[in-house]
Engineer: 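Please see the structure below; I have some questions.
Note that the structure is predicted; figures quoted are calculated from it, not measured. Residue numbers begin at 1 in each chain, while the letters A, B, ... track the order of the sequences.
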Number of protein chains: 2
Amino acid sequence: MAVRIEDVASLAGVSMKTVSRVLNNEPNVRAQTREKVQAAVAELNYKPHPSARSLAGHRSYLIALLYDNPSPSYLMEIQSGVLDACETHHYGMMLRPLNYSPASDAEFIHTVESLVVHGRPDGLILTPPITDHPTLGKRLAELNVPYACISPRDWSGCIGANLDEVHAASEMTAHLIALGHRRIAHITGHPDHGASGWRLQGYCDALQRAGLRFDPNLVVAGEFSFDSGISAARRLLDLKQPPTAIFSANDDMAAGVINAACERGMVVPRDLSVCGFDDTPMSHQIFPALTTVRQPAREMGCIAATQLLRALRNPESCEMVHVPYTLQLRKSTGPVPNHQKTP
Amino acid sequence: MAVRIEDVASLAGVSMKTVSRVLNNEPNVRAQTREKVQAAVAELNYKPHPSARSLAGHRSYLIALLYDNPSPSYLMEIQSGVLDACETHHYGMMLRPLNYSPASDAEFIHTVESLVVHGRPDGLILTPPITDHPTLGKRLAELNVPYACISPRDWSGCIGANLDEVHAASEMTAHLIALGHRRIAHITGHPDHGASGWRLQGYCDALQRAGLRFDPNLVVAGEFSFDSGISAARRLLDLKQPPTAIFSANDDMAAGVINAACERGMVVPRDLSVCGFDDTPMSHQIFPALTTVRQPAREMGCIAATQLLRALRNPESCEMVHVPYTLQLRKSTGPVPNHQKTP
DNA sequence: GCTCGGCATGGCAGCGCTGCCATGGCTGAT
DNA sequence: ATCAGCCATGGCAGCGCTGCCATGCCGAGC
């Protein structure tokens, strides 16, 4: 049952050490020898014993995914992507749910430190909002623990994957403007998330580009949750001059907006256009199907993990990779109501 | 940085071996010695090196979670529960996404076998629909690989966690009957899932108990997806005598039903009552909020993992644990429409 | 008193692999 | 011709633990 490196070595007619070199892509092996070894590995269907490798090699061949569950579907996508990358690089993934709070700073840092000491991952993948912790990055650099970030607020000197959320949000807002909307509201996300700022920024950019006045009454604070979307929408719809379109910083809040509109007997998009951000599975299961921005989360997970894994060998060659977003135009946005049209 | 068992031993004034015994809860250590060792462990904040343990102990201290993503939110819950149990037992969890298909039997079994050989998990946790594979259980027993199941179709001789879905479905149907509905439809789930059969069974039971005739036209096959819910609903609403309530075997399909109803200008629950099963996060984000059955998935994951971990030490003491469900009565079900009432 | 069995503890090899160093052959500069 | 320096490969200790066996002690039974 258990094939060992010794068996491969004797089949290939070389030493264990040479097999080890081939397996770890180390240099200084003749091409011909390399092939012989690879053939033997394939023939015996050999896979190195992870624990033995780890014990002798002083690393765990494990990377840890740190998260504070913002949304199960998003996380599942990221996780699948990371898993894909781990698979191809013969690494394992460990999952670390954390309670993120930039407030109880010391405690949070301590939790991460003990995770690093005891779980011994070779590197970390940080997901939002953990990416935006004020001091974690610095501390990890001090501890010499490599890490990659997904959608960090500030990506200078940081590897991983991100997406031009400012442009995406601005394009989404432009879509509403193109439909004739002039009173466009925005519900912001949780202030701890970098995404909240970018999406607001994109909204402002698009207004400015179209020559529309920014109206502070039309920007309401949410916190990414469904309930916060409902209450924000109620406030907006109660305005003397309510908006004709609401761009919500994520899908959950957009669902809240649609809910609040339905409560009042409004029909979306006839009476109100609504759009979100993230393209969660829920977004096309609600009625009407939600116009939103899709980010390729799985791909981002895979890219971040790949960058991290590469950084473990050669820290120089790594970078922050920008991935493209896609506008998903569905049924929740439409032309501005007739009676509301301004010349 | 790295505390080793040797350090603990010398601090406690005993041999490495004795420390090892204490750490692994082995018998034949004096209570006093045990305490001394535990104190030393605590003082040094010692955690054994997983790879070294694994290499010397001939086991991996890892359990594998096998799944074929039915729904990200369900899976995320299960996963969190398993992680909880692993945490308390000092085990690790590895994730194994699989492509389930009872058709390509040999290939599936082979995939699982190579996973067992190469990943070396000490045990497996099977989630639906993998739990219902016709031959996997037998094969695992032959290979002597312990496993626990979550909601298996057939739980004889199997450990893990499940829920009385037949009763839950019957109670849900009874709720509709109590609201005055007489023409109640059911959309079934994917035939590969045990859940589909149970939920249909519960539906039938409730009808019978209420003395209502079972009408085969009111049972339509779905496959748990949103789209299959839409098309099933369309077929039902096209009937000469359409149902006044639709019980869908899961939430995604129920969302499809609501969508199809909205398309036709129907108002839920005024014109049609709809209910689902699973209590996904989406279920209270759609309008109207969905009446559904909540299963404590996280708890089930935790219980299944705990049973498995216990089975690793003592296979005798383990069982299939039944967990309670809860009806979530929300806004999508209501009294039967007036003009439809039958005396 | 002596033996015997069981309990508490210790000693040590070795799990399967990699890091480090040694070795020997070959190339190219002198 | 000589030798420094590099490349391809091998040898072996040892990573941190646990399994197995040895040891010594104590109390019960004869």
Engineer: Between A/Ser20 (side chain only) and A/Met16 (backbone N and O only), is there a donor and an acceptor less than 3.5 Å apart?
Structural biologist: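 No; judged by distance alone, with no hydrogens or angles, the pair does not exist.
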
Engineer: Base, sugar-phosphate or nothing for B/Arg34? Non-hydrogen atoms, less than 4.0 Å.
Structural biologist: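 It contacts nothing in the nucleic acid.
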
Engineer: Side chains of A/Ser51 and B/Ser54 only: does a donor on one sit below 3.5 Å from an acceptor on the other?
Structural biologist: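 The criterion, which ignores hydrogens and geometry beyond distance, is satisfied for B/Ser54 and A/Ser51.
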
Engineer: Any side-chain heavy atom of B/Val37 sitting closer than 4.5 Å to one from B/Val29?
Structural biologist: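 No, side chains not in contact.
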
Engineer: Send over the distance from A/Asn28 CG to C/dA22 P, rounded to a whole Å.
Structural biologist: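 One finds 17 Å between P of C/dA22 and CG of A/Asn28, rounded.
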
Engineer: Of all the choices, D/dT9, C/dG16, C/dC17, which nucleotide is nearest to the side chain of A/Ile5 once you look at every atom?
Structural biologist: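 In terms of side-chain proximity for A/Ile5, the closest of D/dT9, C/dG16, C/dC17 is C/dC17.
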
Engineer: Compare the minimum distances between each of C/dG16, D/dT9, D/dC17 and the side chain of A/Thr33, then state the nucleotide with the smallest one.
Structural biologist: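 Out of C/dG16, D/dT9, D/dC17, the nucleotide with an atom closest to A/Thr33's side chain is D/dT9.
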
Engineer: Among C/dG16, C/dC15, D/dC17, which nucleotide sits nearest the side chain of B/His58?
Structural biologist: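 Nucleotide nearest to B/His58's side chain: C/dC15.
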
Engineer: C/dT9, C/dT18, D/dG19: which one has an atom nearest the side-chain heavy atoms of A/Ala56?
Structural biologist: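 Nearest listed nucleotide: C/dT18.
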
Engineer: Would you classify A/Tyr46 as touching base, sugar-phosphate or nothing, given that sugar-phosphate means primed atoms plus P, OP1 and OP2, and contacts are heavy atoms under 4.0 Å?
Structural biologist: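 Contact class for A/Tyr46: sugar-phosphate only.
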
Engineer: Roughly, in whole Å, what's the span from CZ in B/Arg53 to P in C/dG14?
Structural biologist: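 Taking atom P of C/dG14 as the reference, CZ of B/Arg53 is at 23 Å.
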
Engineer: It should be established whether A/Arg59 places a side-chain nitrogen or oxygen under 4.0 Å from OP1 or OP2 of nucleotide C/dG19.
Structural biologist: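 For A/Arg59, the contact criterion (side-chain N or O under 4.0 Å from OP1 or OP2 of C/dG19) is met.
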
Engineer: Whole-Å distance between C/dC17 P and A/His90 NE2?
Structural biologist: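 The distance from NE2 of A/His90 to P of C/dC17 comes to 14 Å, rounded to the nearest Å.
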
Engineer: Among the candidates D/dT18, C/dC17, C/dT9, find the nucleotide nearest to the side-chain atoms of B/Asn24.
Structural biologist: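 My answer, after comparing the listed nucleotides, is D/dT18.
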
Engineer: In terms of side-chain heavy atoms of B/Glu26, which of D/dG19, C/dA8, D/dT9 is nearest?
Structural biologist: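 Selected nucleotide (nearest to the side chain): D/dG19.
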
Engineer: Examine distances only and state if a side-chain atom of B/His89 and a backbone atom of B/Ala85 form a donor-acceptor pair shorter than 3.5 Å.
Structural biologist: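 Such a contact is found between B/His89 side chain and B/Ala85 backbone.
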
Engineer: Under 4.0 Å between a side-chain N/O of A/Thr18 and OP1 or OP2 of D/dG10, yes or no?
Structural biologist: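 Answer is yes, contact under 4.0 Å.
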
Engineer: Could you tell me whether the phosphate oxygens of D/dA8, OP1 or OP2, come under 4.0 Å of any side-chain nitrogen or oxygen in A/Arg30?
Structural biologist: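 No.
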
Engineer: To the nearest Å, how far apart are A/Arg120 CZ and D/dC15 C1'?
Structural biologist: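 Rounding to the nearest Å, CZ of A/Arg120 and C1' of D/dC15 are 11 Å apart.
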
Engineer: Can you identify which nucleotide, out of C/dG10, D/dT18, C/dC17, has its nearest atom closest to the B/Val14 side chain?
Structural biologist: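 Out of C/dG10, D/dT18, C/dC17, the nucleotide with an atom closest to B/Val14's side chain is C/dG10.
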
Engineer: Could you tell me how far apart B/His49 (NE2) and C/dC17 (P) are, to the nearest whole angstrom?
Structural biologist: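 Taking NE2 of B/His49 and P of C/dC17, I get 16 Å after rounding.
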
Engineer: Quick check: any donor-acceptor pair below 3.5 Å linking the side-chain of A/Arg21 to the base of D/dG10?
Structural biologist: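 Result: at least one qualifying N/O pair found.
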
Engineer: Tell me whether the OP1 or OP2 atom of D/dT9 has a side-chain N or O from A/Ser15 closer than 4.0 Å.
Structural biologist: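 No, A/Ser15 has no side-chain N/O under 4.0 Å of OP1/OP2 on D/dT9.
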
Engineer: D/dA22 C1' sits how many Å from B/Lys17 NZ, rounded?
Structural biologist: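 For the pair B/Lys17 NZ and D/dA22 C1', the rounded distance is 13 Å.
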
Engineer: Tell me if the aromatic rings of B/His90 and B/Tyr61 count as close, with their centers under 6.0 Å from one another.
Structural biologist: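 Ring centres of B/Tyr61 and B/His90 not closer than 6.0 Å.
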
Engineer: Pair A/Leu62, A/Asp122 - check side chain to side chain contact (heavy atoms under 4.5 Å, CB included), show working.
Structural biologist: CA-CA 6 Å; A/Leu62 242 41; A/Asp122 294 342; 5.8 Å; no

Engineer: Over how many whole Å does the gap from B/His118 atom NE2 to C/dG16 atom P extend?
Structural biologist: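 Result: 14 Å.
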
Engineer: Measure CG/A/Leu23 against C1'/C/dT18 and give the value in whole Å, please.
Structural biologist: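 Between C1' of C/dT18 and CG of A/Leu23: 11 Å.
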
